[in-house]
Amino acid sequence: MIPDDQVDEVKARADIVDVISQFVELKKAGKEFKANCPFHDEKTPSFYVVPDKGFYKCFGCGESGDVFNFVQKRLGLDFVESVKHVAARSGVEVREVRRGPDEEEDPRRPLYEAMAFASEWFQAQLADEKVGADARAYLDGRGIDVGTRERFAIGLAPDEWRGLREEAAKHGITDELLLQVGLLTSSEKTPEPYDKFRNRIIFPIEALGGKVVAFGGRILGESGPGQPKYLNSPETPIYHKGEILYGLHRSRHAIRREGSALLVEGYMDLVSIAAAGFENVVAALGTAMTAEHTKLLRRYTQKVQILFDSDPAGLKATFRAADLLLAESLLPLVVTLPDGEDPDTLVQSQGAAALQTYLDQAVDVLDRKIKILEERDWFDRIERRRDAVDRLLPTLRAVADPTLRDLYVDRVAKRTGLRRETLEAEMAKTDRPGHMPRSSTPAAPRVQDQARRVSRQRPHLGAEWTFLRVLARDPERRHEILEGALMHIGPEDFKDEVDRTIFQLFLDDPDLATVPLDADPVVATRLEQLLAEPLREGQLAHAGQEVREAVNALRASRLGRQIDQIQGRIEATPDSDEKLRLIDEKAVLRTEMKELGHAGGATFARRHARGFNPTD
């Protein structure tokens with residue numbers, strides 16, 4: 001037999017129009033398709049396929065059903081065989097399992113049941129008159145009304161360490177199961193696991209079949225040190241984030257109906273504009289699109305409008321996503337919103353009509369890139385024009401559609417003054433083994449010299465530079481390093497503004513490999529230097545220890561500032577009780593700093609207190 005979740009996935013991914021078109025010639029009739037019925041003789045078409053609903057109906061003979069029913073009746077297959085046939089057509093790999101007398105139908109069913117329980121519990125917390133009051137007020141302020149909250153099953157993880165765990169135990173759901181699906185986490189500081197999501201608005205993430213497979217949580221209020229604004233479920237046996245687009249389960253029919261998909265960055269953007277009437281919207285789980293994401297979208301549309309932020313990190317994510325879409329023969333259009341606005345804030349401040357205006361003004365991704373380069377005078381001088389070509393080449397190389405590729409090459413050739421033959425030769429270089437695009441190669445000596453001059457313009461902070469150096473030069477472990485570091489430090493712990501900006505760039509795009517197009521010149525130069533030279537094998541062996549020492553040093557620096565602030569308050573307050581409370585608070589911080597000293601953080605901070613030359 002085939003597990004239920006696999007049947008659901010096949011049905012969700014199947015294009016019923018594509019499957020039935022193998023056997024009958026369908027013609028579009030409004031939002032539906034019609035043909036002469038394959039199950040009885042007729043001269044006037046009475047057989048209709050309704051893709052939005054996923055079923056067919058013949059008004060002549062009465063035959064009707066879903067995609068599996070059609071294949072069963074047309075080919076004479078049983079149910080399992082029909083699922084396999086549709087799965088093969090839809091690119092889904094199915095597995096059969098044998099059910100023993102004491103076995104569940106699907107070995108993953110307990111995982112789905114645990115996620116369904118958690119989703120219902122989170123929703124109950126949001127609905128609770130007292131527990132959910134602040135969260136409901138926050139959502140009301142963001143224009144997320146009760147109907148929208150129920151539609152997207154939005155919930156609340158209360159500010160408790162073991163609320164979900166204790167309630168799950170009452171229903172026989174074990175810690176082991178909750179750990180397996182990422183609802184509990186653990187720490188060296190405590191022997192017992194605790195809730196992963198706390199004090200967060202919860203957004204259930206559903207697979208195409210409708211089952212909850214993961215959660216995203218937005219912190220309620222402002223995030224503090226070491227607290228990411230958004231926290232997502234880890235990869236689990238039922239959740240692979242590179243294969244799921246948030247909201248696609250609900251929006252796929254609207255995408256097909258509208259002929260385009262709106263691609264946004266996160267949960268709040270999607271929920272907010274869906275509440276405003278834009279049904280054809282999906283979100284990547286984070287800004288990192290994958291090839292699997294684009295394959296999913298291609299099942300429902302040929303056009304994707306990208307509504308990411310217009311800041312440097314957003315533009316980087318936009319162009320990366322666009323290149324992936326082009327590789328799947330999709331047409332990416334870039335929607336440019338006003339500075340400081342995202343889809344959520346724009347809808348809240350100006351309404352749905354304003355967002356529609358910007359959607360109507362969306363431009364092709366290549367035109368958007370060229371416009372940005374023009375605004376920054378990249379075509380004015382020969383040396384900048386060479387760099388401009390390098391910025392455009394990834395998009396030219398990505399295009400799979402031969403007609404669009406020819407149009408793109410012609411457009412870039414005319415704008416840069418290059419001959420088509422020269423441009424096509426540059427495009428072909430990526431096919432040579434070992435070749436790297438020019439923007440990814442080590443910095444030229446001139447750039448390296450400039451970076452050294454910039455880095456010496458102020459005393460460089462040792463812990464900050466050490467941490468960023470390992471982060472930049474060890475891309476294989478970058479996700480792991482960032483995840484561990486965020487438990488202890490945040491951007492605000494970087495005193496130097498340029499280093500703080502670079503750390504934020506890595507947070508926004510952990511796969512960052514080149515300098516963002518719109519990066520500040522000083523940031524660009526320093527980041528180029530960081531990315532220029534990979535760590536040698538010997539250095540990699542000590543990278544973990546360097547990261548730990550650097551993180552501890554940054555924490556020690558923060559604790560030192562907090563201790564100084566408390567000391568100032570101690571000296572200023574005349575209240576003896578308040579003074580005693582502050583002295584106790586200071587003692588706790590000093591104990592924590594002492595522990596960091598044993599871990600090497602304070603030693604590192606002292607060793608690098610005078611700064612050092614980052615080019616050594």
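Bear in mind the structure is a predicted one, so any value in this text is a computation, not a measurement. Both backbone and side-chain heavy atoms feed into the values below; hydrogens, waters and symmetry mates do not.
The shortest heavy-atom contact between Arg384 and Asp377 is CB-O, 4.4 Å. Residues Leu326 and Pro332 approach most closely at CD2-CD, 3.4 Å, considering heavy atoms. Across all non-hydrogen atoms, the minimal contact from Ala388 to Trp378 is N-CE3, 3.7 Å. Closest of all the heavy-atom pairs between Ala284 and Leu245 is CA-CD2, 4.0 Å. Here the closest heavy-atom approach between residue Arg405 and residue Val399 is recorded as NH1-O, 3.2 Å. Here the closest heavy-atom approach between residue Gln305 and residue Ser260 is recorded as OE1-OG, 3.8 Å.
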Handout entry: Worked check of side chain to side chain contact (heavy atoms under 4.5 Å, CB included) between Val389 and Leu423
Key = CA-CA 9 Å; Val389 171; Leu423 193 56; 4.2 Å; yes

Exercise for the section: Go through the steps for Phe319 and Leu315 under the test side chain to side chain contact (heavy atoms under 4.5 Å, CB included), then give the verdict. Expected result: CA-CA 6 Å; Phe319 296 140; Leu315 283 174; 4.2 Å; yes

Handout entry: Residue pair Ser82, His85: steps toward the side chain to side chain donor-acceptor pair (under 3.5 Å) verdict
Key = CA-CA 5 Å; Ser82 71; His85 178 91; over 6 Å; no

Problem - Thr336 vs Arg368, side chain to side chain donor-acceptor pair (under 3.5 Å): CA-CA, chis, key distance, verdict - result: CA-CA 9 Å; Thr336 303; Arg368 178 63 177 138; 3.2 Å; yes

Exercise for the section: Could you give me the CA-CA distance, side-chain angles and deciding distance for Ile502 and Arg526, then say whether side chain to side chain contact (heavy atoms under 4.5 Å, CB included) is met? Expected result: CA-CA 9 Å; Ile502 292 174; Arg526 196 175 298 166; 4.0 Å; yes

Exercise for the section: I would like to know whether Glu279 and Arg151 meet salt bridge (charged side-chain N to carboxylate O under 4.0 Å, His left out); could you show each step before the answer? Expected result: CA-CA 12 Å; Glu279 301 288 342; Arg151 175 182 165 197; 2.4 Å; yes

Exercise for the section: Begin with the C-alpha distance, continue with both residues' side-chain angles, and end with the deciding distance and a verdict on side chain to side chain contact (heavy atoms under 4.5 Å, CB included) for Phe203 and Ile154. Expected result: CA-CA 5 Å; Phe203 301 88; Ile154 296 173; 3.9 Å; yes

Exercise for the section: Begin from the C-alpha positions of Ser272 and Gln348 and carry the test side chain to side chain donor-acceptor pair (under 3.5 Å) through to its verdict. Expected result: CA-CA 8 Å; Ser272 183; Gln348 297 307 314; 2.9 Å; yes

Exercise for the section: Kindly indicate, with the supporting measurements, whether the criterion side chain to side chain donor-acceptor pair (under 3.5 Å) is fulfilled by Thr345 and Asp342. Expected result: CA-CA 5 Å; Thr345 59; Asp342 55 37; 3.1 Å; yes

Problem - Stepwise salt bridge (charged side-chain N to carboxylate O under 4.0 Å, His left out) check, Asp367 with Arg411 - result: CA-CA 9 Å; Asp367 287 336; Arg411 174 88 164 89; 3.0 Å; yes

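You'll find the side chain of Leu418 stays beyond 4.5 Å of the side chain of Val412, heavy atoms only. When side chains are defined from C-beta on, Asn280 does not count as touching Ser251, because their heavy atoms never get closer than 4.5 Å. Considering only heavy atoms from C-beta on, Ile2 comes within 4.5 Å of Lys84 through its side chain. Proximity of Phe308 to Val335: side-chain heavy atoms (C-beta onward) are nowhere separated by under 4.5 Å. Using a 4.5 Å heavy-atom threshold, the side chains of Glu32 and Val49 count as separate. His293 places none of its side-chain heavy atoms less than 4.5 Å from the side chain of Val282. Between Pro51 and His253 the shortest side-chain heavy-atom distance does not fall below 4.5 Å. Within the 4.5 Å cutoff, the side chain of Leu331 has heavy atoms near those of the Leu333 side chain.
With respect to Arg298 and Glu292, no salt bridge is recorded, no charged nitrogen being found less than 4.0 Å from a carboxylate O. Using a 4.0 Å cut-off between charged side-chain N and carboxylate O, Arg386 and Glu426 make a salt bridge. For the pair Glu206 and Lys211, the salt-bridge criterion is not met [side-chain N within less than 4.0 Å of a carboxylate O]. Salt-bridge check for Arg478 with Asp511: failed, with every basic side-chain N at 4.0 Å or more from each acidic carboxylate O. The pair Asp8-Lys11 does not count as a salt bridge, with every side-chain nitrogen at least 4.0 angstrom from each carboxylate oxygen. Looking at Asp406 and Arg420, a side-chain N of the basic residue comes within less than 4.0 Å of a carboxylate O on the acidic one, giving a salt bridge. At a threshold of 4.0 Å, the pair Asp323-Arg397 does not count as salt-bridged, since none of the basic side-chain nitrogens sits closer than that to a carboxylate oxygen. Taking 4.0 Å as the cut-off between side-chain N and carboxylate O, Asp18 and Arg89 count as a salt-bridged pair.
Thr357 contributes a side-chain N or O that, together with a main-chain N or O of Ala353, makes up a donor-acceptor pair within less than 3.5 Å. Remark: side-chain polar atoms of Thr395 are not paired, donor with acceptor, to backbone N or O of Leu366 under 3.5 angstrom. Between the Arg74 side chain and the Val71 main chain, no donor and acceptor come within less than 3.5 Å of each other. Of the possible polar contacts, none joining the Gln350 side chain to the Leu355 backbone as a donor-acceptor pair under 3.5 Å is found. At distances below 3.5 Å, not a single donor-acceptor pair connects side-chain atoms of Glu243 with backbone N or O atoms of His240. Of the possible polar contacts, one joining the Asn69 side chain to the Asp66 backbone as a donor-acceptor pair under 3.5 Å is found. With hydrogens and angles ignored, the 3.5 Å screen pairs no side-chain donor or acceptor of Ser233 with any backbone N or O of Gly182. Under the 3.5 Å distance criterion, the side-chain polar atoms of Asp269 are matched with a main-chain donor or acceptor of Asp344.
Summarising the local packing, CG of Asp380 is surrounded by more than 12 heavy atoms from other residues, nucleotides or ligands at distances under 6.0 Å. Within 6.0 Å of the NZ atom in Lys241, the count of heavy atoms belonging to other residues, nucleotides or ligands does not exceed 12. In this structure, Gln356 places its CD atom where more than 12 heavy-atom neighbours from other residues, nucleotides or ligands lie under 6.0 Å away. More than 12 heavy atoms of other residues, nucleotides or ligands lie within 6.0 Å of CD in Glu375, so this atom counts as buried by the packing criterion. Other residues, nucleotides and ligands contribute only 12 or fewer heavy atoms inside 6.0 Å of the NZ atom of Lys27.
A donor atom on one side chain and an acceptor atom on the other are found under 3.5 Å apart for Lys316 and Thr514.
If you run side chain to side chain contact (heavy atoms under 4.5 Å, CB included) between Pro510 and each of Leu471, Ile481, Leu505, Leu482, only Leu482 comes through.
The distance from atom CZ of Arg320 to atom CD1 of Ile306, rounded to the nearest 0.5 Å, is 12.5 Å. With rounding to the nearest 0.5 angstrom, the CG atom of Leu296 is 6.0 Å from the CG atom of Leu208.
You'll find the ring centres of Tyr267 and Phe152 outside the 6.0 Å limit. Separation of the Phe33 and Tyr56 ring centroids does not fall under the 6.0 Å cut-off.
Between Phe503 and Phe467, the ring planes are perpendicular. Angles over 60° get that label, and only those under 30° would be called parallel.
A cation-pi arrangement is found for Arg415 relative to Phe379, the charged atom lying closer than 6.0 Å to the ring centre and inside a 45° cone about the ring normal.
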